[in-house]
There are 2 protein chains.
Amino acid sequence: MDHDDVVEAFQAYLRDHNLPVTRQRLEIAKVLLASARHLSVEELTEELRRRGQAVGLATVYRTIELLVRSGLVVVRDFEEGFKRFEPARDIPHHEHLLCTVCGTVTEFRDERLERTTTLLAEAHGYLRQRHRLVIYGVCAACRTGTTPS
Amino acid sequence: MDHDDVVEAFQAYLRDHNLPVTRQRLEIAKVLLASARHLSVEELTEELRRRGQAVGLATVYRTIELLVRSGLVVVRDFEEGFKRFEPARDIPHHEHLLCTVCGTVTEFRDERLERTTTLLAEAHGYLRQRHRLVIYGVCAACRTGTTPS
DNA sequence: GTAATTGCAAATTCTTTGCACATAT
DNA sequence: ATATGTGCAAAGAATTTGCAATTAC
């Protein structure tokens, strides 16, 4: 599924739910679903303004909620004091590495963690539902002084 | 170290830093350091009021900051919209299991995770600093209907 | 046409801060 | 005595909500 397809999936979702397809909703979806980064509301709003497609903050929040309900976007909280949003793509579940210097987020998948966490939960009498792992560290670029950002 | 000792450690910290030992600081430390649960500011304030030792919200926040700086308390964010605070005890690092029904938090330690996360970080070019794992699930009590809370 | 959305501003929630008064050392 | 803490109320930051004007279908 490439970017355009995902935006179309959002349009389909809106139509299926008898929700109007508005300019704002499409612009927000285009930016958020095409983003390689984990965007904050501020970054998203800023990018829309840059494109000459400014959208009110309330609308941004309301549209993100729709994108989350449609399953196309996932909410992330890296304890920065605000949330970030990530296109769901087709990845069922993955972990995050967060560079504590530049804030870059790297995703990876590790099958073993699913099993490990299920066993850990069971060992303590819990029925596992999901888990969340964030590894904090310093990325290669920041370590070698090739600081991008 | 038992509860009283930890409260004394806080007093020692205050004295070492030439900070006044006040009734409020001691009451907050007593409640927070003795708690088996991960308290929120609201729960902590409520408990103080119940003990007839009501303390202003601002003071609670300011004292928690001192407890954190002294290393006796650790901040936790379970994405509930507010933070929780946990006595640091002597545990160097541990993971959390959060019951999605009753909110109970269970701690456990697993040495292998330290190694695993270091390797995962390295595999992606990161120098690991720390990690954070929360497993969400349903605890034994909630599953069997013996719901406490 | 009509129901839903938009955008602004006001409201909310958690947390922090300014300041007059109170307290520890 | 004097520096510091305390509590209240106001300020902040992120997010939500009410409502008149606007737009999709």
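Chain A is the first sequence line, chain B the second, and so forth, proteins listed ahead of strands; every chain is numbered from 1.
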Single-linkage hydrophobic cluster, 4.5 Å side-chain cutoff, Val74(B) and Leu33(B) together: no
Provide the start and end nucleotides, 5' to 3', of the part of DNA chain C that has atoms under 4.0 Å from heavy atoms of chain B. dC14(C) to dT25(C)
Rounded to the nearest angstrom, tell me the gap between atom NE2 in His17(B) and atom P in dT4(D). 14 Å
Do Val31(B) and Leu39(B) touch side chain to side chain, with heavy atoms closer than 4.5 Å? yes
For Glu43(A) and dT15(D), what is the distance between atoms CD and C1' respectively, to the nearest whole Å? 17 Å
Set out, line by line, the N/O atom pairs under 3.5 Å between protein and nucleotides 18-21 of chain D.
none

Contact list (N/O, under 3.5 angstrom) for nucleotides 23-25 of chain D vs protein:
from: dC25(D); atom 1: OP1; to: Val21(A); atom 2: N; distance (Å): 3.1

Side-chain donor-acceptor pair present, Arg25(A), Gln11(A), cut-off under 3.5 Å: no
Just how far, in rounded Å, is P of dT15(D) from CZ of Phe82(A)? 8 Å
Would you mind telling me which residue lines up with the more 5' stretch of DNA chain C, Asn18(A) or Gly56(A), judged by nearest nucleotide? Asn18(A)
On a heavy-atom basis, the closest approach of Tyr126(A) and Cys99(B) is CE2-N, 3.7 Å
With a 6.0 Å cut-off on the ring centroids, do His96(A) and Phe78(A) count as close? yes
Measure across Leu66(B) and Tyr13(B) and return the closest heavy-atom pair with its distance rounded to 0.1 Å. O-CE2, 4.1 Å
At their closest point, which heavy atom of Leu120(A) faces which heavy atom of Leu97(B), and how far apart are they? O-CD1, 4.3 Å
Is there a side-chain contact between Leu113(B) and His131(B), using heavy atoms and a 4.5 Å cut-off? yes
Under 3.5 Å donor-acceptor, Arg130(A) side chain and His93(A) backbone: no
Determine, using the 4.5 Å side-chain heavy-atom cutoff (strictly less than), whether Phe82(B) and Val41(B) are members of one ILVMFWY cluster. no
For Arg132(A) versus Asp77(A), what's the shortest heavy-atom pair and its separation? NH2-O, 2.9 Å
Between Arg84(B) and Gln24(A), which is nearer to the 5' end of DNA chain C once each is assigned its nearest nucleotide? Gln24(A)
Atom CD of Glu42(A) and atom C1' of dT15(D): how far apart are they, to the nearest Å? 13 Å
Consider the side chain of Tyr61(A), meaning its heavy atoms from C-beta on, and name the nucleotide among dG7(D), dA14(D), dG5(D) that approaches it most closely. dA14(D)
